[in-house]
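So the structure is just underneath, and the comments pick up after that.
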Amino acid sequence: VHHANHFYGHAHVLAEYCGLDPEHPPRIDGYVQHGWNVVDGLGIGTPYLPGRPIFVWSEQTRRRAWSMGRRQATVIGAPFLYLLRFAAPEPEPATRAGTIWYPFHGWEGQQVKGSHGRQIDEIMATETGPVTFCLYWNEYHNDKIRAEYEKAGRVICHGYRGFQWRDTDIRFLHNQLGELRAHRRVASNRLSSAIFYGAAAGCEPAVYGDPMHLEREDLAVAERIRRQWPELHGKHPEPETARRSALAELGDGYLASPAELRLLLGWSLDRAAVPA
Amino acid sequence: VIRLIGGEMPGWNEDRPPAGGALYGYLTDQLPAGSRVLVAGPHDPALIEALAARTAVTCLVRSQPEAERLDARGLDVLCGTLTKLTDADRWDAVVALDGVGRLCSVEGPQYDWTECLRALRNVLLPGGLLLLTVENELGVHRLVDPAAATVALTDDAWRPLGEFDDSRPGSPARLADRLATEELALDWLGAAWPSPAAPTLVATADALLTGPAGALSAAAASAVASAYADRAVLSDPRRLAAAAVRAGLGPELAPAWLVLARLAPAPPATGAPETATPLRLPPVLLGDGPPAGPLPTGRLLEELLLTACLRHDLPAVRGLLTGWMAAVPDAGPENVVVAGETFTKLDPGVPPRADVLRCFATTLLTGGYAHPWPAATDLRTLTAILHAAAGLPGDQPAIPTDEDPPIPNSRRDQEEQLRSLRRLLADAEARAEVYEQEIAKRDAELTKARVQIAAFGGSFGYRMAKLGYGVARKARQRLRKRA
């Protein structure tokens, strides 16, 4: 229904889990939550078609969506957890080292404000092992910002999120899982999807440093997030507590079977596949 | 033999069926053989005949045609109104399972509840037994009735007092008090479902308090389910009956109370042996007597499923569906008790069904229950989702097309369906509007694209000719405007 369903290859991961062609996922009968947020699961400005389901990650998000008038919110869990279900298991023994660091990012509509240099200094003073900086495509394609990070460590990008079904890197989450599994810690200056994914992929999560801010950002939300999830904030949060909290946000335990998910997304086998 | 005692109604036939049923049959069977019994008010002839085979029965009825029918069966009959009954004759037991509402005829004084009780007590021998049914004006059957008891609907409602008869006891505790006032000692009191006329479940307050609450609430729900199949009600009596039992309010909200009371015995003559053995009635009666074995412990599957759905607890819903389908896939959720991981049939005698998931989907939809798949608003989709959530193979189960078992036809459910249909319609209209705007936008884009294709498509000569023609047409239009 909406192009955000294809962001980060979410629809493609779900299609693969359901036993369908991951390169050409059929149209989803609703809206898949495309990133962790503290509202109703939909992105800002998504034109919502009344009566269509929103497929949210967690029961907490469903409750929040209900309170905001979204009656059709359905919990399915994060697509990243579905990827963990069918992806090849982590090689044994695990060869993890250092930290993968996700600086708070901007997007087409809003750029990040703050000093990347001071942030890098704090990171290098905190982390003991090698640091991989994973930039969002928005900052990765900014040569000035990328050069600042390249001075301090390895710099990568998982790919392009996609827009209007175009240029989507359908292996985005696969790339991210591979990188996460190569690191012992995952960190950021803001609690975000990447921290939750990292915790689910076996990294010790941490959120610290100057949180920076987006242009025209409402900072009350960022403060609310710090109050609600203190167990995930700090340079060295207790790993087991942090992991439990992260898995709950991703909807661990709520994942549907392939058959159930096909029915929910409108992909039942007796229906003609509709291209996205 | 008919004895007309006065106040009889010559052309009258009762317009509601008399008290009867297997459970009442069990109770009258417990009266000591060989005793003299007065059956007061209309009772099922089968019940009277079974009793008459063991005891000396006298019937008291206000309808003369009924008295004649009883007489034709060879029974001893008193015909007339209760107020004419004297204590010239007394009995070892009085059976009034129809209550006291049909004992006074239209003729003469109209006794209230307590006066009727006193009149019945007055014809008991010392130590005599009274087996009485008392309708609860706040019982589940009243709470869900679309018609008030005070609305005179039938010919026998010449004085429809309903809950305004202040002499009625109103609660089991007050009932015991009223009996004590009349020197009647309470031997046994049971709460009865689904109706005073033909109960199929009776349980004492103690059994309801200490017995397996899950099985007892399920039995209460099941008793009202059969009685109210397809009947118009305000709200679903199954949920009300079960919730009352679970909340410890079973006796207070049961449709009726059955009592076995005993008049104080005469002071024993010196040296005479004590002959009366107290009559012991069981704590629970189900169907036609005490249950065959102990009632299962655990909670009713239907209630657990509804709870998990209302909590949006998907892992719990899936766990229950999976366990159910693995253990007893042919039993409806209203007939399965869950204790830990064990799923057992409550009543193994219920015939197996193939459409139990579809039935539960119907319950969710018609009852308007919140559940984890709110976008599945049609029965087929929701059934298929339940099928998949239960871990059963195949995407689209062949959904049996048999009729759903009849359920109470509740006004509240109808309201909910209306509300839900209005919401679906509003959503569909809003979507149609978005689609129309989208189509208009795309039509405009398509028109523009067609012009561009026409302008840039085709051969060079064709395009030049077309351009020339366009220029010529514009020039002509300009000339015309000037003219």
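In what follows, chains are A, B, ... by sequence order, proteins preceding strands, each numbered from 1.
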| field | Salt-bridge contact Glu260(A)-Arg318(B) (side-chain N to carboxylate O under 4.0 Å) | value |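 Looking at Arg318(B) together with Glu260(A), the answer is yes, because their closest N to O distance falls below 4.0 Å.
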
Within 6.0 Å of [atom1] in [X], more than 12 heavy atoms from elsewhere:
{"X": "Glu238(A)", "atom1": "CD", "value": "yes"}
{"X": "Glu433(B)", "atom1": "CD", "value": "no"}
{"X": "Arg64(A)", "atom1": "CZ", "value": "yes"}
{"X": "Arg450(B)", "atom1": "CZ", "value": "no"}
{"X": "Gln452(B)", "atom1": "CD", "value": "yes"}
{"X": "Arg423(B)", "atom1": "CZ", "value": "yes"}
{"X": "Arg171(A)", "atom1": "CZ", "value": "no"}

| task | Could you tell me whether a side-chain N or O of Arg431(B) sits under 3.5 Å from a main-chain N or O of Leu49(A), the two making a donor and an acceptor? | result |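 No.
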
Closest approach of [X] to [Y] (non-hydrogen atoms, all atoms of both residues):
{"X": "Leu263(A)", "Y": "Ala388(B)", "result": "CD1-CB, 3.8 Å"}
{"X": "Asp427(B)", "Y": "Gly51(A)", "result": "OD2-CA, 3.3 Å"}
{"X": "Pro372(B)", "Y": "Thr74(A)", "result": "O-CG2, 3.5 Å"}

| How long is the gap from CD1 on Ile385(B) to CG on Leu264(A), to the nearest 0.5 Å? |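 If I round to the nearest 0.5 Å, the distance is 5.0 Å.
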
| request: Compute whether any side-chain donor of one residue and acceptor of the other, for Gln72(A) and Trp373(B), lie under 3.5 angstrom apart. | output: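 Trp373(B) and Gln72(A) do not have a side-chain donor-acceptor pair below 3.5 Å.
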
| query | So what's closer than 4.5 Å to chain B heavy atoms on Arg63(A): side chain, backbone, both or neither? | reply |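 Neither part.
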
| task | Measure distances from Ile54(A) to the heavy atoms of chain B and classify the residue's part below 4.5 Å as side chain, backbone, both or neither. | result |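 Interface part for Ile54(A): neither.
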
